[in-house]
Amino acid sequence: VHGSVSLDIVASARRNALVVPLVAHPTRREDPSAPARILVPVDFSPPSAAAVRWATRLLGPHGRLQLVHVIVPHMPVIAELRVYTPLPASSPEERARERAELERKLRGLVDEAALARGIEVEVELCEGFDPAPQIAGAARRLRSELICMPTHGRRGLTRALLGSVAQGVVRAARVPVLVVPPDEKRG
C-alpha cells in the first residue's frame with residue numbers, strides 16, 4: 001500500500017542517489033567520510049565502468065575495491081520438436097578458464113591511478129539467477145561499507161519487464177547504496 005520514496009527516487013533520479021538503510025551495521029566505523037571497502041557489481045556495461053570510477057574516487061588511500069560479477073547459471077538446451085534436451089555441461093577446465101578470464105576483465109577495469117594510490121582490488125564471482133540477493137550477500141560476506149552500483153535507467157514497460165537490480169539491492173542491502181545513473185550523453 002505504501003510505496004518507498006527512496007526507490008522512487010532511485011528510479012527517476014538523473015543524478016547519483018545514496019540510499020542508507022534503517023538497519024544499523026554492527027561494524028560501522030565512526031567516520032563515514034572515506035569508506036575502506038566499497039563493493040561494485042559489474043556487468044561489463046558502460047554504466048558499471050562508471051560505477052567503478054566513482055568507487056575508486058570515493059575510496060581513501062589503501063582502500064579495498066570489491067568487484068563482484070554475478071554469473072547467471074547456463075542452462076543449455078536443444079529445442080527440437082517441442083522436446084528439450086539438455087546439452088552437456090562445460091568441463092571443469094572450461095569453467096576454470098572462463099572464471100579466470102572474468103577475473104582478469106574485472107581487474108582490468110581499475111585504472112593505474114587508483115592502483116598507484118594503493119587501492120587493493122578484490123574480485124568475486126557469484127552465481128545465481130537473481131543478481132540482487134547475490135550482490136547483497138556478497139556485501140555481507142566481504143564486510144563492505146558501501147555498495148556503489150550502476151543503474152541502466154530503464155523506464156516504463158522495459159523496467160516493468162526486466163526489473164531493476166538496483167532497486168532489489170537497495171531493498172536487500174544492510175549498508176548504504178550509491179546508485180550511479182547512466183550518462184545522459186550516452187542515453
With side-chain contact (heavy atoms from CB on, under 4.5 Å) as the test, would you mind laying out the steps for Val123 and Arg107 before giving the verdict?
CA-CA 7 Å; Val123 298; Arg107 290 183 187 283; 3.8 Å; yes
Going through the checks in order, is the side-chain contact (heavy atoms from CB on, under 4.5 Å) test met by Leu178 and Ile147?
CA-CA 6 Å; Leu178 174 64; Ile147 299 171; over 6 Å; no
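For Leu102, the side-chain contact (heavy atoms from CB on, under 4.5 Å) criterion is met by Phe44, His69, Ile71, Leu125, not counting sequence neighbours. With sequence neighbours excluded, the residues satisfying side-chain contact (heavy atoms from CB on, under 4.5 Å) with Ala55 are Ile38, Val40, Leu65, Cys148. Taking the side-chain contact (heavy atoms from CB on, under 4.5 Å) definition, one finds that Arg104 meets it with Glu101, sequence neighbours left out. Glu122 pairs by the salt bridge (charged side-chain N to carboxylate O under 4.0 Å, His left out) definition with Arg64, not counting sequence neighbours. Residues passing the side-chain hydrogen bond (donor to acceptor under 3.5 Å, both in side chains) test with Thr56: none are found, sequence neighbours excluded.
With values rounded to the nearest 0.5 angstrom, Trp54 atom CH2 is found 16.0 Å from Met149 atom CE.
Between Val169 and Val177 the shortest side-chain heavy-atom distance falls below 4.5 Å. Side chains of Val180 and Thr151 form no contact here, defined as non-hydrogen atoms less than 4.5 Å apart. Using a 4.5 Å cut-off on side-chain heavy atoms (C-beta onward), Arg143 and Arg37 make contact.
Of all heavy-atom pairs spanning Val165 and Ala132, the tightest one is O-CB, 4.0 Å.
Within the 3.5 Å criterion, the main-chain N or O of Ser164 finds no donor-acceptor partner in the side chain of Gln167.
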Under 3.5 Å donor-acceptor pairs involving side-chain atoms of residues 135-142, not counting sequence neighbours:
from   : atom 1 : to     : atom 2 : distance (Å)
Arg141 : NE     : Glu124 : OE2    : 3.3
Arg141 : NH1    : Gly137 : O      : 3.4
Arg141 : NH2    : Glu124 : OE2    : 2.3

